[in-house]
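Only one structure is covered here, and it is reproduced in the block below.
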Amino acid sequence: MKGRVGVRGLSPVDIDVDFGQIFDHIDWSPPPVMLAGEARNGRYALFTDFIYLGLEADGTSRGPLALFSAEANVNTVVWTFGGSYRVVDNGTATLDVLAGGRLWHLDADLTVTGPLAVREASGSKTWVDPIIGVAGDIALGNGFGLHGEADVGGFGLGADIDWQVQGTLQYRYSDWVTLEAGYRYLAADYEDDG
């Protein structure tokens, strides 16, 4: 998690938790959740992807005379939904174009501690960004495959920009269940009233 977090008039705080530290910063109550689903009929499909993640991170903020320490607690819900159309299906590889929306709900608590005072603020925000993108799969055999996806959205209608890329190794456990492990980079640039 990397970026600037500002809540209700408090100066934005720089937060930087690298991938190797992320498990130390997860708020495990409630635990994080990531689920995805797809319903397909021929070349057409409906898809959904749901993420819940609570993170706690420390950061710094510069004031007029000193460096302030800060603690941010951010609970995030990201729900992506939409439809897709399969433009390539050669038996081994597929490519879909997709369009839909991504709902964001952020709930942030920020505590800034300075030499003379402690200030706290809380806030939450919900918005929906339109998205467009592509997704593809390559079958490797024996139930294994590779999946890649990229999308972009926001366009100033919610976030200034909202985008993600992901790549996963898949194992098709059954006709109804596929297990995936991989990497996702999900970013949004959103600002509204602090």
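These numbers were taken from a predicted model, which means no experiment stands behind them.
Legend: residues meeting side chain to side chain contact (heavy atoms under 4.5 Å, CB included) with A93, ordered by chain and number and at least two apart, are N90, I138. Residues passing the side chain to side chain contact (heavy atoms under 4.5 Å, CB included) test with V177 are Y173, S174, L179, sequence neighbours excluded. Considering only residues two or more places apart in sequence or on other chains, D129 meets the salt bridge (charged side-chain N to carboxylate O under 4.0 Å, His left out) condition with none of them. Residues satisfying the salt bridge (charged side-chain N to carboxylate O under 4.0 Å, His left out) test with E38, not counting sequence neighbours, are R40. Shown here are the salt bridge (charged side-chain N to carboxylate O under 4.0 Å, His left out) partners of R119, two or more places apart in sequence or in another chain: there are none. Checked against side chain to side chain contact (heavy atoms under 4.5 Å, CB included), A150 has the following partners two or more places apart in sequence or in another chain: V165. Taking the side chain to side chain contact (heavy atoms under 4.5 Å, CB included) definition, one finds that D175 meets it with nothing, sequence neighbours left out. The salt bridge (charged side-chain N to carboxylate O under 4.0 Å, His left out) search around R184 returns D49, not counting sequence neighbours.
Ion pair R102/D151 flagged as a salt bridge, since at least one NZ, NE, NH1 or NH2 atom sits closer than 4.0 Å to an Asp/Glu carboxylate oxygen.
Linking Ile, Leu, Val, Met, Phe, Trp and Tyr whenever their side-chain heavy atoms come within less than 4.5 Å leaves L35 and V78 in two separate clusters.
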Show me the side-chain donor-acceptor pairs of residues 106-115 shorter than 3.5 Å, one per line, residues at least two apart or across chains.
from: D109; atom 1: OD1; to: S122; atom 2: OG; distance (Å): 2.7

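Annotation: ring-ring contact (aromatic ring centres under 6.0 Å, His included) contacts involving residues 135-162, sequence neighbours excluded, comprise F144-Y171. The side-chain hydrogen bond (donor to acceptor under 3.5 Å, both in side chains) contacts involving residues 20-30 comprise nothing, where partners must be two or more places apart or lie in separate chains. Among pairs with a residue in residues 80-123, those fulfilling ring-ring contact (aromatic ring centres under 6.0 Å, His included) read Y44-Y85, W79-F81, W104-W127, at least two apart in sequence or across chains.
Side-chain contact check for L55 versus N75: every heavy-atom pair is 4.5 Å or farther apart.
At distances below 3.5 Å, not a single donor-acceptor pair connects side-chain atoms of R86 with backbone N or O atoms of D96.
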